[in-house]
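Data block below; observations after.
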Amino acid sequence: MKKITEHVYHVGDSGCSVFLVNTHSEDGLVLIDCGMSVEMIKSITKVGLKPTEIHHCILTHFHIDHIGACHDLKEYGKNIKFYAHHLDAKAIEEKGHDSKTAASWYNIEYIPISLEKKITQDGEILHFGNYDFKCIHTPGHTPGSICVYLEIDNKQILFGQDIHGPFYPAFDSNLEDYQKSMKKLLNLDIDILCEGHFGIFQPANEVYKYIKKHMKINKP
Ligand SMILES: [Zn+2]
């Protein structure tokens with residue numbers, strides 16, 4: 001559990017990095033992805049937060065290392081609401097998409113959950129507390145990949161979980177879409193990039209460099 005800004009935390013890594021935003025409101029705590037095991041979530045008590053205060057979880061895409069713990073997360077509250085892009089929704093809400101979700105790679109049984117809301121618009125905003133969680137559609141890694149953009153604590157933070165890829169036909173990856181998505185991100189002012197597997201990048205020029213590097217590696 002590590003503080004990134006006053007209200008934003010890196011909870012830890014379980015499959016992917018899991019991030020948490022404390023809205024200090026009736027919306028409680030918001031998770032960005034939930035990783036593969038809820039064990040790690042317990043560590044939020046170290047900074048005085050309670051797992052039962054998690055009310056929302058935004059899923060950046062349908063991969064098992066980002067969604068595997070969703071079902072177990074409900075042990076902290078039956079009313080935790082999940083959000084994802086509609087193009088990735090089927091694999092999250094139904095069984096039988098194990099090569100798409102990569103559950104078959106990990107030899108894990110995925111237990112589907114239902115989404116409170118499916119994101120359909122690019123830039124759709126989820127309001128939690130006083131904050132706007134802007135869901136930017138960034139297809140490429142998967143068709144319904146989103147990055148979450150948040151202005152908080154005088155910083156502009158991007159939760160860009162799988163900006164690095166990888167790209168496979170089994171995921172319905174598309175490198176042309178990816179290039180367009182990354183160009184979209186380069187047009188944003190981003191002070192801090194919270195990546196799903198490779199750490200936290202700041203300041204803005206480091207974020208820019210990171211995105212550019214992966215655009216160069218992953219050309220169509
Ligand atoms: Zn992924």
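Atoms within a ligand are numbered from 1 in the order they appear, just like the ligands themselves. All figures in this text were calculated on a predicted structure; none of them were measured in a lab.
- Salt bridge K3/E6: present, at least one basic N to carboxylate O contact under 4.0 Å.
- Residues D191 and Q202 bring no donor and acceptor atom of their side chains to less than 3.5 Å of each other.
- Annotation: the span from F167 atom CZ to D162 atom CG amounts to 8.5 Å, rounded to 0.5 Å.
- With ring centers used as reference points, F128 lies 6.0 Å or more from Y131.
- For the Zn ion (ligand 1), the N/O/S atoms of H63 include one lying under 2.8 Å.
- None of the N, O or S atoms belonging to D65 lies under 2.8 Å away from the Zn ion (ligand 1).
- Taking backbone and side chain together, H61 holds an N, O or S atom under 2.8 Å from the Zn ion (ligand 1).
- Here the angle at the Zn ion (ligand 1) defined by OD2 in D162 and NE2 in H141 stands at 90°, rounded to 10 degrees.
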